[in-house]
Amino acid sequence: DAGVTQSPTHLIKTRGQQVTLRCSPKSGHDTVSWYQQALGQGPQFIFQYYEEEERQRGNFPDRFSGHQFPNYSSELNVNALLLGDSALYLCASSLWSGNYEQYFGPGTRLTVT
Amino acid sequence: RKEVEQDPGPFNVPEGATVAFNCTYSNSASQSFFWYRQDCRKEPKLLMSVYSSGNEDGRFTAQLNRASQYISLLIRDSKLSDSATYLCVVTFLTGTASKLTFGTGTRLQVTL
């Protein structure tokens, strides 16, 4: 049973650049949520996708955008990178009609220099 | 006030000790509650869901008090391998979508 996978594992970008992170949900799941976790903090909700639509969004600027594909996989795009965007980006999958339990991938560690 | 508040610790306890973590949440409409465990530089892993009736999984017991908006996690007979950060998580519905809100986590260090 494949768990949640994310790519790449690590990424180093320069201020002003754009980045795309990818996530494949756990087998059987149809909903993907993205989180940003800064050092020493809990994960902060960015947005959630179901049926290829953004269903909910946290307090993140429009520089953060996403997409979900028909196979339920998802991408997170961040434009005009800032130093403060350096963090661990976590993808979590779940069942839309389930009990709200979410399962996390290993994350992508983004460093902006 | 933060939506989910936890004591950041660290809690340093000897092996075999019993330790309890507490968490409070501000949104009375919150519907589901969880404890996640996160090891250093790893992803959070679901430890257990929390129900109003309380629930137990081996050495771990979770309790929910909706009236006080308070969640707890009790770990008995602590093991070295329990050393991690424990994240309190609260979910509420907005329309039909659910959103997880995490506390900042409580760090536990179990020592010999």
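Numbered from 1 within each chain, the chains take letters A, B, ... in sequence-line order.
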Exercise for review: List the atom of A:Pro106, the atom of B:Glu43, and the distance in Å for their closest heavy-atom pair.
Suggested key: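 Reported closest heavy-atom pair: CA-OE1, 3.6 Å.
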Point to revise | Exercise: identify the closest heavy-atom pair between B:Leu87 and A:Gly42 | key: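 Closest heavy-atom pair between B:Leu87 and A:Gly42: CD2-CA, 4.3 Å.
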So for atom [atom1], which belongs to [X], do other residues, nucleotides or ligands contribute more than 12 heavy atoms lying within a distance under 6.0 Å?
X       : atom1 : value
A:Tyr72 : OH    : no
A:Asn59 : CG    : no
A:Leu83 : CG    : yes
B:Arg76 : CZ    : yes
A:Leu82 : CG    : yes

Check your understanding: Do A:Tyr103 and B:Leu46 have side chains that get closer than 4.5 Å, going by heavy atoms?
Key ->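 Answer yes - side chains close enough.
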**Study point:** 4.5 Å side-chain heavy-atom contact, A:Ser33 and B:Leu100
**Key:**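 Side chain of A:Ser33 against side chain of B:Leu100, heavy atoms only: no contact under 4.5 Å found.
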Review point. Who wins among A:Gln102, A:Gln6, A:Gln41 for the most heavy-atom pairs under 4.5 Å with chain B?
Key: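 Most pairs with chain B among the choices: A:Gln102.
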Practice item. Following the transitive rule for hydrophobic clusters with a side-chain heavy-atom cut-off under 4.5 Å over Ile, Leu, Val, Met, Phe, Trp and Tyr, establish whether A:Phe60 and A:Tyr49 coincide in one cluster. Key: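 Yes, A:Phe60 connects to A:Tyr49 through the hydrophobic network.
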Exercise for review: Please answer: with hydrophobic residues joined when any side-chain heavy atoms are less than 4.5 Å apart, are A:Trp34 and A:Val4 in the same cluster?
Suggested key: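 Different hydrophobic clusters.
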**Study point:** Proximal component of A:Phe104, with respect to chain B [non-hydrogen, under 4.5 Å]
**Key:**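 Its backbone and side chain both get close to chain B.
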Point to revise | Contact origin within B:Gln38 toward chain A - heavy atom pairs under 4.5 Å | key: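 It is the side chain, since no backbone atom gets that close.
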Point to revise | Engaged part of B:Arg41 at the chain A interface, taking heavy atoms whose separation is under 4.5 Å | key: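 Both parts, heavy atoms under 4.5 Å.
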**Study point:** Ring centers of A:Tyr35, B:Tyr36 separated by less than 6.0 Å
**Key:**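 Aromatic pair excluded; centres sit 6.0 Å or further apart.
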